[in-house]
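Sequence lines set the chain letters: A, B, ... in the order given, protein chains first and strands last, and positions in each chain run from 1. Just so you know, these numbers come straight off a predicted model, no measurement behind them.
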Amino acid sequence: METQNQYEVDLGNLLAFNASHHFPSLPSSREELVKECLQEGTKLVQAIADRLFNLPSTEDVDGPIVKLPPPTTKLPRSKHLPKPKPPTKWELFAQKRGIKKRKKDKVVWDEQTGTWKRCYGYDRVNDDNDIPIIEAKMTDEPGEDPFAKRKGEKKKRVEKQEKNRLQNLKQAAQVGALPSHVQLAATALPITGTQAAPKKIGKHELGDVAGIAATSTASGGKFDRKLPGEKAPKNQGKHRKFLPVVEGAGIGSREKEQTDKVLNKLISKHSHEILNVDKAITMYNVKKEKKNRHKQKKNEPEKSSTSSKLKPKKKPNKKSAMKGSSKKGRAK
Amino acid sequence: MLKVKTPKKGRVRRELDKRAPKLVETGKKTLLLQGTKTSNTLNAVLTELYLLKKGSAIRYTRKNENIRPFESGGETSLEFFSLKTDCSIFIYGSTSKKRPDNLVIGRTYDHHIYDLVEVGVENFKPMNSFTYDKKLAPRVGSKPFICFVGEGFENVEELKHLKEVLVDLLRGEVVENLNLAGLDHAYVCTAISANRVLFTHCALRLKKSGTTVPRMELVEIGPSMDFVVRRHRLPNESVRKEAMKTAQDQPKKKVKNVSQDAIQGKIGKIYIPDQKLGEMALPNKAKGVKRERREAKVKSNVGDRASKKQKDESM
């Protein structure tokens, strides 16, 4: 009993501390030192065991089970205490108005179908999809689809709720009481003028791009190793398609039809009407102008080159321009 | 522009919930890592400490260039590792000419360094140099006894600090119910001088003493080493105050469907929903399981039997 008092025992951590022990003189050899330490340790362990085995225990298959008291040595936490969640805007409002939560049943009797149905979620009571008829009212505007209106209203309500939720989460994040599995991630900043945030490129799009890039080798990607997820480029191969010339019943007759159509247009009585004279004239004029311009360029290539050489004169850097001009003069 | 991001899978969500701050914390995890230079002893020390803490420890074996726990700016990557691995105790080993076989034991609070103790390792004896009865070998994760001997742990500031850190490192998870048959090892720390601590790990041998309390005997199983205290840094007072906060009244969760009976003891109620074996999806649709065939079989059963009988007669 005497020994127990001189030791500090923390049963919750199975910890014992002998503060009064003092080596009068350190033992000379290591072995003796260790031996003495173990002796002291044994005393301490015995002191813990004395208390531990005297605690009320319940027998179990694996052995006696003892209820430990909470540890007395104070040790720091590894993380801060969880912060209480701030009340949402609705909760504040409800408190002000004295609105109390009431429990709803999970399943509700549906009179339309005569069955028990879920209150929310899939296959629920009063689902928008299940309503076959909406009665007309005096206030209805003509030409409006009541079903679409209903759907739109629902969508708006959902969007509003989502907005409210984000707002409440933002407020919780400010206090640092965000639920552990929720993260508020900043999406790309909205650029003025663009409405939607830039879209992230998906797996399939990347595969398409990789396929296009692979065709840039000399062989057109024929002998290259395929990347994982790479897709064959679209629209590869024949661009022009010719119909079969051999006459036949189905596709074979198509070619004939096509040529017939063109010929009929040309040879027909009102063939002159096909030609849009105004358009033809403007086209002719444009072509002529282009030709003329081309000719001029070809005729006076020297002139144009000199003009380009003289251009630096116009530059505000006067010195170099002056030099250039003087040189030109001497050369001539 | 903010977006709500939530995990897509339940497993991720559960993992995140495990890392969230809790009212009553479970045990701390330990991260063991090393600097650019280590000695053989130090590698062995880190490995053996890892083995002692196995189950709640993570061992990093790569060299870490820019970890200097005592210097400002040298703790950045350490704090990152603490965040990444969710460990709040770290043991960092490094060796240099000035400080050979150096161990820095530190704790973090909110993934920021809380306090640090630097010790040198001397007279290290690994586990495999001890011979003992293998029946005594402690099991992984069992609750240890911890003993501190010597007045140094009360008088000397550094040793006092070291004691607190060692307790935090060694004690494991705080438990409410303890199986007395599972007690099998003890740590003994003795203050030999003002800056030297002898640390050793022992197995327990329980001997009959005639009373309910068995007589304890310690058998050294290693590792054993001397800690020479070098530098230490105490926690900031305000951070300390913050970290020592505990939940005043932990709400007891109501246990459902369990009751006590004087005669039968603990009684549990189990609800089993209707199993609906008929509607169960089978992994492969064998021919015999198909419904049409089964029904056809039932229909033609009577005729079948008759034909079989006929066969028997012919035999």
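P144(B) touches chain A through its backbone: at least one of N, CA, C or O sits under 4.5 Å from a heavy atom, while the side chain does not. L55(A) does not touch chain B: none of its heavy atoms, backbone or side chain, sits under 4.5 Å away. Y114(B) touches chain A through its side chain: at least one heavy atom from C-beta onward sits under 4.5 Å away, while N, CA, C and O do not. Contacts of P71(A) with chain B are made by side-chain atoms alone, with heavy-atom separations under 4.5 Å and no backbone atom involved. Looking at V149(B), the atoms closer than 4.5 Å to chain A (heavy atoms on both sides) sit in the backbone and in the side chain alike. With a threshold of 4.5 angstrom between heavy atoms, V175(B) approaches chain A through its backbone and through its side chain. Heavy atoms of L169(A) lying under 4.5 Å from chain B belong exclusively to its side chain. For L170(B), no part lies near chain A; criterion is any non-hydrogen pair under 4.5 Å. Both the backbone and the side chain of L180(B) have a heavy atom closer than 4.5 Å to some heavy atom of chain A. Residue contact with chain A, scored on non-hydrogen atoms closer than 4.5 Å, involves the side chain of S224(B) exclusively. Contacts between K170(A) and chain B at a heavy-atom distance below 4.5 Å involve the side chain alone, from C-beta outward.
A cation-pi geometry, defined here as NZ or CZ lying under 6.0 Å from the six-membered ring centre and within 45° of its normal, holds between K163(B) and F17(A). For the pair K79(A) and Y109(B), the cation does not sit on the ring face, since its NZ or CZ is not both under 6.0 Å from the ring centre and inside 45° of the axis.
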